[in-house]
Amino acid sequence: MPDKVIRRPVRQYFARALIFSVCLLVACTDQEPVHPRVLRIGVLPDSALDILKNKYTPLIEYLREETGIPTELVIPASYEDLLTRFHDHDIDLAFFGGYTYVIAHERDHAVPLALRDIDLQFTSLFLVRADNPATSLEDLRGKTFTFGSDLSTSGHLLPRYFLLEQGIKPEKFFGKVLYSGAHDRTAYWIRDGKVDCGVANSSIIRKMLADGKLGKNDVRILWETPPYSDYVWAIQENIDPALRQQILEAMDVHRKFLPALDKDFNMAREAIKLVDHKI
């Protein structure tokens, strides 16, 4: 279990971080700092389109007001599309999961900006239908199972990591392994009997239950994973540090974000090495 992290608010942190980032830009790159005319903000497509628009539009509009720069919400077609658009500089600021962040950081030098305190203690839920008699993971042997997206931290990478720690290789343990592509879709597949069981983001599932989009008689939580770090706002390394400061301060006021550190995602790196994926 990761150690509890105590951090100062973004404003107190940023004075030193801004100086460091300016020095890093001068020392490590020949690129001139970029101040985009339109701030293109991409998010993980981990839920239905209407849910994503409702969730992120208030923050996107708030950032426009605070920075004075027009903003554009970009909802990619997939996790892979988010990474591709960031790589191609079609996205300036991105909301990554731990898995996609590590890839973007290693490949494109994505700079971590901010995350929420809950993102430092995230979990995944293994789900079954409410009427499924299973009482443990062992009871799921030979059943049909679904992850979310292949590049999802909470819907694939860390759940697979925790299964492997218990000696469970999904492709040998379950009768069939699928990928739903999204957390809400995983829950609906289980509810509708398309699969026997699956794993999804705990925050999304609990919100679906609270909002009535999932009924208590639809799915049941069989097991909750240990906590790990997930989700981070990260920015292109060539973005003007002064604009980074504006974004960080705006996030601090609007959502009480904390400064993100690259080392927060060391567990994701360890998991990636174990499951022998993209890096």
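Source: prediction; values computed, not measured. These numbers come from the heavy atoms of this one structure, side chains and all, not from hydrogens, waters or symmetry mates.
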Chi angles and distances behind the side chain to side chain contact (heavy atoms under 4.5 Å, CB included) call for Arg244, Ile235: CA-CA 8 Å; Arg244 293 189 201 177; Ile235 198 165; 4.1 Å; yes
Chi angles and distances behind the side chain to side chain contact (heavy atoms under 4.5 Å, CB included) call for Leu125, Val219: CA-CA 11 Å; Leu125 302 177; Val219 298; over 6 Å; no
Derivation and outcome, side chain to side chain contact (heavy atoms under 4.5 Å, CB included), residues Leu158 and Thr225: CA-CA 9 Å; Leu158 266 299; Thr225 69; over 6 Å; no
Test side-chain hydrogen bond (donor to acceptor under 3.5 Å, both in side chains) applied to Gln246 and Thr67, step by step: CA-CA 6 Å; Gln246 284 185 293; Thr67 63; 5.7 Å; no
Criterion side chain to side chain contact (heavy atoms under 4.5 Å, CB included) on Arg269 and Glu106, from CA distance to verdict: CA-CA 10 Å; Arg269 289 189 172 89; Glu106 297 295 329; 3.3 Å; yes
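Under the 30°/60° scheme for interplanar angles, the aromatic rings of Trp233 and Phe257 are found to stand perpendicular.
Leu222 has its side chain out of reach of Leu127: every pair of non-hydrogen atoms, C-beta onward, lies at least 4.5 Å apart. In this structure the side chain of Pro36 reaches within 4.5 angstrom of the side chain of Val34, judged on heavy atoms. In this structure, the side chains of Ser47 and Ile204 come closer than 4.5 Å at one or more pairs of heavy atoms. Residues Asp230 and Leu120 form no side-chain contact, since every pair of their non-hydrogen atoms from C-beta on lies 4.5 Å or further apart. Taking the side chain as every heavy atom from C-beta outward, Leu209 and Ile205 approach each other to under 4.5 Å. Using a 4.5 Å cut-off on side-chain heavy atoms (C-beta onward), Ile60 and Glu72 make no contact. In this structure the side chain of Arg107 reaches within 4.5 angstrom of the side chain of Leu83, judged on heavy atoms. Put simply, the side chain of Glu138 reaches to within 4.5 Å of the side chain of Phe173, judged on heavy atoms.
Residues Tyr79 and Asp46 bring no donor and acceptor atom of their side chains to less than 3.5 Å of each other.
Of the possible donor and acceptor atoms, one in the side chain of Ser124 sits under 3.5 Å from a partner among the backbone N and O of Ser154. Between the Asp117 side chain and the Leu258 main chain, no donor and acceptor come within less than 3.5 Å of each other. No donor-acceptor pair under 3.5 Å is formed between the side chain of Asp264 and the backbone N or O of Ser229. In this structure, Asn132 contributes its side chain and Val128 its backbone to no donor-acceptor pair below 3.5 Å. The closest donor-acceptor contact from the side chain of Thr186 to the backbone of Ala200 lies at 3.5 Å or more, if one exists at all. Looking at Asp139, its side chain does come within 3.5 Å of a backbone N or O of Thr135 through a donor-acceptor pair. Of the possible donor and acceptor atoms, one in the side chain of His105 sits under 3.5 Å from a partner among the backbone N and O of Ala110.
Summarising the geometry of Leu52 relative to Pro45, their closest heavy-atom pair is CD1-CA, 3.7 Å, with the distance given to 0.1 Å. Taking both residues in full, the closest heavy atoms of Gly97 and Thr153 are given as C-OG1, 3.5 Å, listed atom of the first, atom of the second, then distance. Here the closest heavy-atom approach between residue Asp108 and residue His87 is recorded as OD1-ND1, 2.5 Å. Of all heavy-atom pairs between Ser152 and Gly155, the closest is OG-N, 2.8 Å. Considering all non-hydrogen atoms of both residues, Ile190 and Gly198 come closest at CD1-N, 3.4 Å. Taking each heavy atom of Ala114 and Met251 in turn, the nearest pair found is CB-SD, 4.0 Å.
Put simply, the residue from Ile91, Val74, Thr100 that forms a side chain to side chain contact (heavy atoms under 4.5 Å, CB included) with Phe86 is Ile91.
Taking the six-membered ring for Trp, Tyr99 and Phe265 have ring centres at least 6.0 Å apart. For Tyr231 and Phe96, the distance between ring centers is not under 6.0 angstrom. Separation of the Tyr161 and Tyr228 ring centroids does not fall under the 6.0 Å cut-off.
Taking a cutoff of 4.0 Å between a charged side-chain nitrogen and a carboxylate oxygen, Asp88 and Arg85 do not qualify as a salt bridge. Contact check on Arg206 versus Glu224 returns a salt bridge, with a Lys/Arg side-chain nitrogen under 4.0 Å from an Asp/Glu carboxylate oxygen. A salt bridge links Asp131 with Arg129: at least one charged nitrogen is closer than 4.0 Å to a carboxylate oxygen.
Screening residues 181-226 for ring-ring contact (aromatic ring centres under 6.0 Å, His included), with sequence neighbours left out, gives Phe126-Trp223.
By the criterion of side-chain heavy atoms lying less than 4.5 angstrom apart, applied directly or through intervening Ile, Leu, Val, Met, Phe, Trp or Tyr residues, Leu93 is grouped together with Tyr56 in one hydrophobic cluster. Under the 4.5 Å side-chain heavy-atom criterion for Ile, Leu, Val, Met, Phe, Trp and Tyr, Leu164 and Leu140 are members of the same hydrophobic cluster. Tracing side-chain contacts under 4.5 Å through hydrophobic residues (I, L, V, M, F, W, Y), one reaches Ile75 starting from Leu44; they form part of the same cluster. Linking Ile, Leu, Val, Met, Phe, Trp and Tyr whenever their side-chain heavy atoms come within less than 4.5 Å leaves Ile239 and Val38 in two separate clusters. Cluster membership for Leu63 and Leu243, using ILVMFWY side-chain heavy atoms within less than 4.5 angstrom, is shared.
Surrounding CG of Asn217 are at most 12 heavy atoms belonging to other residues, nucleotides or ligands under 6.0 Å away.
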